[in-house]
Number of protein chains: 2
Amino acid sequence: MSRPMPERLAVFDLFAGLDAAAMDDIAAAAVERRLDAGEMFFLQSERAERFFVLVDGRVRLTQVTPDGQQVVVRFIMPGEGFGLVAVLAGNVYPLSAEAMDPAVGYGWDGPTFKTLMARHPELATRSLSLVAQRVHEFQARNRELSTERVERRIARTLLRLTNQSGTRQSDGVRIDLPLTRQDVAEMTGTTVYTVSRVLAGWHEAGIIDAGRKRIVIRQPHSLVAIAEDLPPAR
Amino acid sequence: MSRPMPERLAVFDLFAGLDAAAMDDIAAAAVERRLDAGEMFFLQSERAERFFVLVDGRVRLTQVTPDGQQVVVRFIMPGEGFGLVAVLAGNVYPLSAEAMDPAVGYGWDGPTFKTLMARHPELATRSLSLVAQRVHEFQARNRELSTERVERRIARTLLRLTNQSGTRQSDGVRIDLPLTRQDVAEMTGTTVYTVSRVLAGWHEAGIIDAGRKRIVIRQPHSLVAIAEDLPPAR
DNA sequence: CTGCCAACTTGCGATAGCGCAACGTCGCCC
DNA sequence: GGGCGACGTTGCGCTATCGCAAGTTGGCAG
């Protein structure tokens with residue numbers, strides 16, 4: 001298991017503003033994990049031993065309800081962390097983390113990370129604001145789920161994914177995730193059927209270009225108009 | 001503005017496990033605020049200066065969507081904190097905090113609290129796990145909102161409120177909050193009409209006893225059965 | 001190249017939940 | 001001890017969304 005490079009870690013949100021000495025210390029405590037596509041970093045309801053920062057690849061976080069329905073909680077791109085909340089709370093993982101492609105992550109276990117936080121107070125502060133940010137995101141999503149129609153929620157979700165992992169190309173912005181209709185449905189709290197119909201409508205209207213596991217936004221402004229419920233902008 | 005008693009603070013989640021010296025230090029930095037019913041601790045979208053721990057009274061946290069719809073995020077009972085996440089994230093308050101009755105809170109501003117955390121690492125750890133717990137709650141609520149029917153969500157919400165502020169009485173457990181149908185609707189992402197109809201049904205069935213701003217759970221097990229979607233228990 | 005399978009689509013009937021409108025009713029304030 | 005306003009209820013028509021069933025399609029494995 002190779003030793004992570006402190007320089008590579010320094011770019012991550014979680015470690016922003018830490019000095020080189022601190023980074024060395026933190027990196028020395030990390031464990032690298034390499035997974036193939038389809039393998040799991042951890043499974044829902046296992047004891048939360050270790051959290052990770054993703055260095056390479058993509059990760060899908062999913063949650064299964066007691067009665068077997070699946071929900072996609074979010075996607076993780078390189079530089080982002082996952083599992084932190086569960087480890088800090090000393091709980092069980094509330095969701096599963098699956099590598100969507102060959103992925104590399106660095107991990108720290110709870111006690112180790114707590115020691116690191118005590119040595120580097122900055123780290124505690126950073127962790128707090130990252131977790132606080134998660135709270136905001138979930139709160140926003142809650143509000144959406146309870147007050148907005150499906151179409152609007154899907155629009156918002158696509159825009160969010162665009163920000164997180166969009167690539168500009170000649171005919172619009174492409175979402176760099178192999179997104180199934182099912183995935184979108186699970187992210188927006190609806191069904192495959194409805195997602196399919198909505199996307200078909202937008203395709204019709206020239207707003208997006210959608211294929212198998214592929215979505216390209218051609219007219220982001222139209223999507224924003226739908227998300228914000230503006231007058232159907234000319 | 002009277003000085004808070006350290007002994008009173010020590011019972012709060014946020015300060016669990018801190019020694020007397022630390023408590024003195026923390027209490028010395030607190031500011032007491034007394035509000036009448038209907039007054040606000042803070043308003044949504046103000047700069048998040050200060051967070052509070054509630055000592056007495058009850059507080060309602062609400063969020064207003066850009067297009068004017070209101071959502072009840074949660075209720076705060078004595079011993080609980082609110083505003084912490086916003087202050088730590090150095091943001092704007094994402095919601096408003098209204099005193100439902102005459103209320104007393106102790107407050108700390110961000111810089112002060114960060115100093116305190118640096119002096120007492122335990123405090124940082126406690127803060128982290130409290131915030132982490134919030135993440136869990138919101139995540140659970142998200143899952144509910146996207147996978148469950150209204151009836152089930154209402155059942156769950158009542159049970160949750162029962163845990164948070166229920167008083168056992170001869171004919172069942174009473175929820176000690178002046179809960180409007182509107183409030184319940186805003187907590188569960190539905191409408192007054194639907195809440196009214198559902199509660200009427202349960203009243204009919206003898207599961208609850210509901211009046212103006214008053215809900216008593218007579219058969220908690222039946223409500224659990226609904227929440228968990230069990231066979232309509234005999 | 002071909003066949004197969006997962007992903008996607010679409011018609012259609014079913015229904016949960018919405019929300020207006022109109023009406024009860026409780027309790028508090030003067 | 002009225003009367004008023006907030007809260008609660010209910011009938012009713014409406015539609016967004018669901019979800020089955022029965023397809024079509026794209027792309028990859030062999």
Side-chain angles (χ1 to χ4, degrees), chain A residues 37-38 60 65 67-72 98 100-101 144-158 175 177-205 208-216 226-227 229, chain B residues 36-38 60 65 67-72 98 100-101 144-158 175 177-205 208-216 226 229:
Chain A
R60 186 208 319 263
T65 68
D67 49 302
Q69 286 186 79
Q70 192 171 284
V71 174
V72 172
E98 179 195 353
M100 301 172 74
D101 9 60
E144 286 172 25
L145 282 169
S146 48
T147 64
E148 292 174 5
R149 302 283 176 80
V150 167
E151 207 182 21
R152 227 168 138 178
R153 301 205 302 264
I154 297 177
R156 253 186 229 289
T157 300
L158 291 192
I175 295 175
L177 286 167
L179 265 196
T180 323
R181 301 285 179 277
Q182 182 69 40
D183 288 330
V184 178
E186 287 174 13
M187 296 186 80
T188 51
T190 178
T191 61
V192 208
Y193 314 111
T194 301
V195 171
S196 181
R197 285 186 257 262
V198 169
L199 293 191
W202 291 345
H203 191 195
E204 188 75 14
I208 66 169
D209 189 0
R212 294 206 147 201
K213 298 188 176 183
R214 183 182 57 84
I215 300 179
V216 179
I226 295 169
D229 199 23
Chain B
D36 280 336
R60 185 207 321 262
T65 69
D67 50 299
Q69 286 186 79
Q70 193 170 283
V71 175
V72 173
E98 179 195 353
M100 302 172 74
D101 10 58
E144 287 173 23
L145 281 170
S146 48
T147 63
E148 292 175 3
R149 301 282 174 81
V150 167
E151 205 183 22
R152 225 167 140 181
R153 303 206 300 263
I154 297 178
R156 254 186 229 289
T157 300
L158 292 191
I175 295 176
L177 286 167
L179 265 196
T180 331
R181 301 286 177 277
Q182 182 69 39
D183 288 330
V184 178
E186 286 174 14
M187 297 186 80
T188 51
T190 178
T191 62
V192 209
Y193 314 112
T194 302
V195 171
S196 181
R197 286 187 256 262
V198 169
L199 294 191
W202 291 345
H203 191 197
E204 187 77 13
I208 66 169
D209 190 359
R212 291 210 146 200
K213 299 188 176 185
R214 182 182 58 82
I215 300 178
V216 179
I226 295 169
D229 198 25

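Sequence lines set the chain letters: A, B, ... in the order given, protein chains first and strands last, and positions in each chain run from 1. This structure is a prediction, so every number in the text was calculated from the model and none was measured.
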State the CZ-CD distance between B/Arg181 and B/Glu186, to the nearest 0.5 angstrom. 14.0 Å

To the nearest 0.5 Å, atom NE2 of B/His203 lies from atom CG of B/Asp209 at 4.5 Å

In whole angstrom, what separates A/Glu186's CD from D/dG19's P? 13 Å

Could you report the tightest heavy-atom contact between B/Ser146 and A/Gly189, atom names first, then the distance? CB-CA, 3.3 Å

Just how far, in rounded Å, is P of C/dG27 from CZ of B/Arg214? 8 Å

Roughly, in whole Å, what's the span from CD in A/Gln182 to C1' in D/dC18? 14 Å

List, with names and distances, any nitrogen or oxygen atoms from the protein found under 3.5 Å away from nitrogen or oxygen atoms belonging to nucleotides 5-7 of chain D.
| from | atom 1 | to | atom 2 | distance (Å) |
| --- | --- | --- | --- | --- |
| D/dA6 | N3 | B/Arg212 | NH2 | 3.3 |
| D/dC7 | O2 | B/Arg212 | NH2 | 2.6 |

Before giving the answer on side chain to side chain contact (heavy atoms under 4.5 Å, CB included), spell out for B/Val216 and B/Arg214 the whole-Å C-alpha distance, their side-chain angles and the decisive distance to 0.1 Å. CA-CA 7 Å; B/Val216 179; B/Arg214 182 182 58 82; 4.0 Å; yes

note: A/His203, atom NE2; C/dA7, atom C1'; distance rounded to Å ~ 16 Å

What is the distance, rounded to the nearest whole Å, between atom CG of A/Asp209 and atom P of D/dG26? 13 Å

I need the A/Leu158 CG to A/Ile175 CD1 distance, nearest 0.5 Å. 5.0 Å

Spacing between B/Glu204 atom CD and D/dG8 atom P, to the nearest angstrom: 19 Å

Could you tell me the separation between the CD atom of A/Glu151 and the OG1 atom of A/Thr194, rounded to the nearest 0.5 Å? 11.0 Å

Measure the shortest side-chain to side-chain distance between B/Leu199 and B/Ile215 over non-hydrogen atoms and say whether it is less than 4.5 angstrom. yes

When B/Thr157 is tested against each of B/Thr188, B/Asp183, B/Val72 for side-chain contact (heavy atoms from CB on, under 4.5 Å), which residue passes? B/Thr188

What does nucleotides 10-18 of chain C look like as a protein-contact string, B for base, S for sugar-phosphate only, - for none, at under 4.0 angstrom between heavy atoms? BBB---SSS

